[in-house]
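Take a look at the structure below.
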Amino acid sequence: MVNAYLGPVMQGYIRRLAERLETLGVTATPHLTQSNGGVIGFEAAAAMPVRMVLSGPSTGVIGAQAVGRLAGLPDLITFDMGGTSTDVALLPGGEPRLSGEAIVHGYPIKAPMLDIHTVGAGGGSIAYVDSGGLLKVGPRSAGAAPGPVCYGLGNAEPTVTDANIMLGTLHPTHLLGGRLPVRRDLSVAAIERLAAQLGMEPYATAQGILAVVTANMAKAIRVISVQRGHDPRDYTLMAFGGAGPLHAARLAKELEMKRVLVPRNPGILCAMGLLLTDLRADFASTRLTPLAAGLAPMTEAFAGLAGQAEAWFAQEHIAPEARQLRRSVDMRYAGQNYELAIPLPPGDLGAATLAALAEGFAAAHHRLYGFIAEEEPVQLVTFRVEATGTVQKAVLRPRPLAGPEASAAIAGERALWLPETGGTATVPVYDRERLLPGNLLAGPAIVEQMDSTTVVLPGMTARVDAYDNLILEAA
């Protein structure tokens with residue numbers, strides 16, 4: 001139903017886009033991103049638009065995966081915070097998790113997509129006092145027009161951005177490297193009105209807004225990590241999106257995570273992810289089969305799926321040497337209404353394959369739910385093939401280290417209100433464009449760039465690696 005509803009809209013959009021690209025003289029073969037993190041040709045996208053309903057956040061995860069590997073930090077929790085929402089995902093061993101279903105705008109969709117959890121917490125999230133007299137933040141958002149109070153476009157309700165403006169974490173007169181003027185006095189007045197309702201001091205109220213939104217984001221990360229058997233302290237927090245680096249240090253502190261990775265251009269990492277991914281399609285066949293008798297049905301199912309994948313390879317003109325197939329099986333105990341995706345070992349199918357699946361399922365079930373029901377029969381539910389066509393991608397090149405001294409990148413200083421001291425401190429403001437690989441700086445400090453702002457808390461250090469990533473670590 002969703003596919004039929006979106007089809008005419010997407011087909012018209014893709015047709016117009018293709019015509020414009022041709023008029024502009026673009027000779028590269030155009031692709032669109034999918035919810036599974038891969039890209040797909042225009043023809044396939046027009047035929048199956050349901051594959052792209054969550055395509056935006058997925059490329060951020062792929063970009064984070066590539067940057068994390070180059071930085072030597074593959075175990076990541078991605079933290080993509082924008083104006084209206086925050087998207088988080090878990091990458092154990094540098095591999096994003098796939099989900100076979102999701103609820104999108106109230107509709108259940110059985111299509112492969114990256115396992116991304118979203119909460120209504122962004123820079124435009126509105127702070128208010130609820131009927132019980134408590135401070136709440138989001139999910140209602142001021143959007144971009146009128147936007148936060150500091151934009152001066154008519155909104156009178158304070159947002160997360162206004163709290164950052166008042167506290168000094170954001171520049172008090174402009175954002176986006178001077179492209180967007182803001183008014184701190186409007187933010188302060190709005191937060192003072194909110195503080196009067198709460199009976200609190202204005203600066204404490206502004207910090208309270210950040211504390212509430214941090215708690216909301218920490219809850220989202222616990223959903224994808226702790227509740228699935230993973231300790232966030234074993235991971236690096238990858239912060240991107242316009243507001244991600246602004247809140248990452250506080251969020252990492254809340255979760256007791258020791259390290260934060262901020263890519264060179266966090267505001268456009270989702271766009272960069274498009275240049276770092278491959279062509280990809282997923283094929284599935286559901287055949288409810290007992291594990292013990294699953295060899296013949298599994299062999300037949302994977303043969304059919306491999307045929308579909310080969311047809312797709314041919315349609316996308318992918319060279320034989322660039323073709324890859326990965327197989328997995330959704331498994332469950334008999335009587336369960338949820339499945340776990342278990343990767344299939346490479347090679348020919350046989351008795352050893354069934355034993356490997358049984359072992360993998362038991363380990364995954366124990367990690368996720370804390371027990372193994374050895375006496376319960378195991379079922380094979382859905383057989384899956386992930387087809388990947390390797391394509392030429394953007395290359396990120398390292399730069400030589402220039403030494404730890406970062407004073408040449410200091411662009412000024414700013415008054416920053418810190419809850420650690422309950423008062424205002426003057427901290428250095430660094431220009432990200434002037435920081436060099438190897439530079440080291442100590443918090444409290446602020447690092448500004450056109451597309452984002454990074455806050456380094458007291459007791460933290462920040463260093464620039466060879467790929468111009470900013471790595472924050474607890475002392």
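Both backbone and side-chain heavy atoms feed into the values below; hydrogens, waters and symmetry mates do not.
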Validation: residues 39-60 side-chain donor-acceptor distances under 3.5 Å, sequence neighbours left out:
residue: Ser55; atom: OG; partner: Met52; partner atom: O; Å: 3.0
residue: Ser58; atom: OG; partner: Gln34; partner atom: O; Å: 2.8
residue: Ser58; atom: OG; partner: Ser55; partner atom: O; Å: 2.8
residue: Thr59; atom: OG1; partner: Gly56; partner atom: O; Å: 3.1
residue: Thr59; atom: OG1; partner: Cys270; partner atom: O; Å: 3.0

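A salt bridge is absent between Arg384 and Asp282; no separation between the charged side-chain nitrogens and carboxylate oxygens falls under 4.0 Å. Classification of Asp231 and Arg233 as a salt-bridged pair holds, one side-chain N sitting under 4.0 Å from a carboxylate O.
Counting heavy atoms from C-beta on, the side chains of Thr353 and Arg327 never come closer than 4.5 Å. Side-chain contact between Leu291 and Met331 is present, with heavy atoms from C-beta onward closer than 4.5 Å. At a threshold of 4.5 Å between non-hydrogen side-chain atoms, the residues Asn36 and Met113 do not count as touching. A heavy-atom distance below 4.5 Å is found between the side chains of Leu457 and Arg250. Residues Glu339 and Thr382 have side chains not in contact (no heavy-atom distance under 4.5 Å, counting atoms from C-beta outward). Taking 4.5 Å as the limit, some side-chain heavy atom of Val137 sits within range of a side-chain heavy atom of Val160. Within the 4.5 Å cutoff, no side-chain heavy atoms of Tyr467 are placed close to those of Pro263. Side-chain contact between His247 and Leu210 is present, with heavy atoms from C-beta onward closer than 4.5 Å.
The shortest heavy-atom contact between Ala281 and Trp312 is CB-CE2, 3.5 Å. Nearest heavy atom pair, residue Ile62 against residue Leu276, reads CG2-O, 4.1 Å. Taking every heavy atom of both residues into account, Leu73 and Arg259 meet most closely at CD1-CD, 3.6 Å. The minimum heavy-atom distance between Val223 and Arg228, with the atom names listed, is O-NE, 3.5 Å. Across all their heavy atoms, Leu380 and Gly294 have their closest contact at CD1-CA, 3.9 Å. The minimum heavy-atom distance linking Thr277 with Gly38 is given by the pair OG1-CA, 3.7 Å.
Judged purely by atom type and a 3.5 angstrom limit, Gln449 has no side-chain atom pairing as donor or acceptor with the backbone of Pro266. Without hydrogens or angle criteria, Lys393 side chain to Val391 main chain gives a donor-acceptor distance under 3.5 Å. Between the Asn265 side chain and the Gly267 main chain, no donor and acceptor come within less than 3.5 Å of each other. The main-chain N or O of Gly94 is found under 3.5 Å from a side-chain atom of Gln65 such that the two form a donor-acceptor pair. In this structure a side-chain-to-backbone donor-acceptor pair under 3.5 Å is missing from Thr453 to Leu246. At distances below 3.5 Å, at least one donor-acceptor pair connects side-chain atoms of Thr289 with backbone N or O atoms of Arg287. Side chain of Tyr107 to backbone of Val2: no donor-acceptor contact under 3.5 angstrom is found. Side chain of Asp468 to backbone of Val464: no donor-acceptor contact under 3.5 angstrom is found.
More than 12 heavy atoms of other residues, nucleotides or ligands lie within 6.0 Å of CD in Glu420, so this atom counts as buried by the packing criterion. Crowding of Glu22 atom CD: a count of heavy atoms from other residues, nucleotides or ligands under 6.0 Å not exceeding 12. Residue Gln315 qualifies as enclosed at atom CD: its count of foreign heavy atoms under 6.0 Å is above 12. Within 6.0 Å of atom CG in Asp348, 12 or fewer heavy atoms from other residues, nucleotides or ligands are found, so the atom counts as exposed in its surroundings.
The distance from atom OG1 of Thr86 to atom NE2 of His117, rounded to the nearest 0.5 Å, is 10.5 Å. Considering CG of Asn216 and OG of Ser125, their distance stands at 8.5 Å, rounded to 0.5 Å. Residue Asp330 holds its CG atom at 7.5 Å from OG1 of Thr286, rounded to the nearest 0.5 Å. Atoms CZ and OG1, on Arg463 and Thr461 in that order, are 8.0 Å from each other to the nearest 0.5 Å. Taking CG of Leu344 as the start and CZ of Arg326 as the end, the distance is 12.0 Å to the nearest 0.5 Å. Rounding to the nearest 0.5 angstrom, the gap separating the OG1 atom in Thr236 from the CD1 atom in Ile471 is 8.0 Å.
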Step-by-step side chain to side chain contact (heavy atoms under 4.5 Å, CB included) determination, Val119 to Lys219
CA-CA 9 Å; Val119 292; Lys219 181 180 178 181; over 6 Å; no

Walk me through it: do Val67 and Met272 pass the test side chain to side chain contact (heavy atoms under 4.5 Å, CB included)?
CA-CA 10 Å; Val67 171; Met272 193 173 75; 3.9 Å; yes

Starting from the C-alpha separation in whole Å, work towards a yes-or-no answer on side chain to side chain contact (heavy atoms under 4.5 Å, CB included) for Thr454 and Leu472.
CA-CA 10 Å; Thr454 303; Leu472 282 59; 4.1 Å; yes

Test side chain to side chain contact (heavy atoms under 4.5 Å, CB included) applied to Tyr333 and Ile372, step by step:
CA-CA 10 Å; Tyr333 287 122; Ile372 301 172; 3.4 Å; yes

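Partners of Tyr5 according to the ring-ring contact (aromatic ring centres under 6.0 Å, His included) rule, which considers only residues two or more places apart in sequence or in another chain, do not exist here. Taking Arg222 as the reference, Ala218, Val226, Glu254, Leu255 meet the side-chain contact (heavy atoms from CB on, under 4.5 Å) condition, with sequence neighbours excluded.
Shown are Leu261, Ile221, Val262, Thr78; of these, the side chain to side chain contact (heavy atoms under 4.5 Å, CB included) with Leu237 is made only by Ile221.
No hydrogens or angles considered: a donor-acceptor pair under 3.5 Å links the side chains of Asp162 and Thr159.
Ring orientation note: the planes of Phe302 and Phe383 are nearly perpendicular, at an angle over 60° on the 30°/60° scale.
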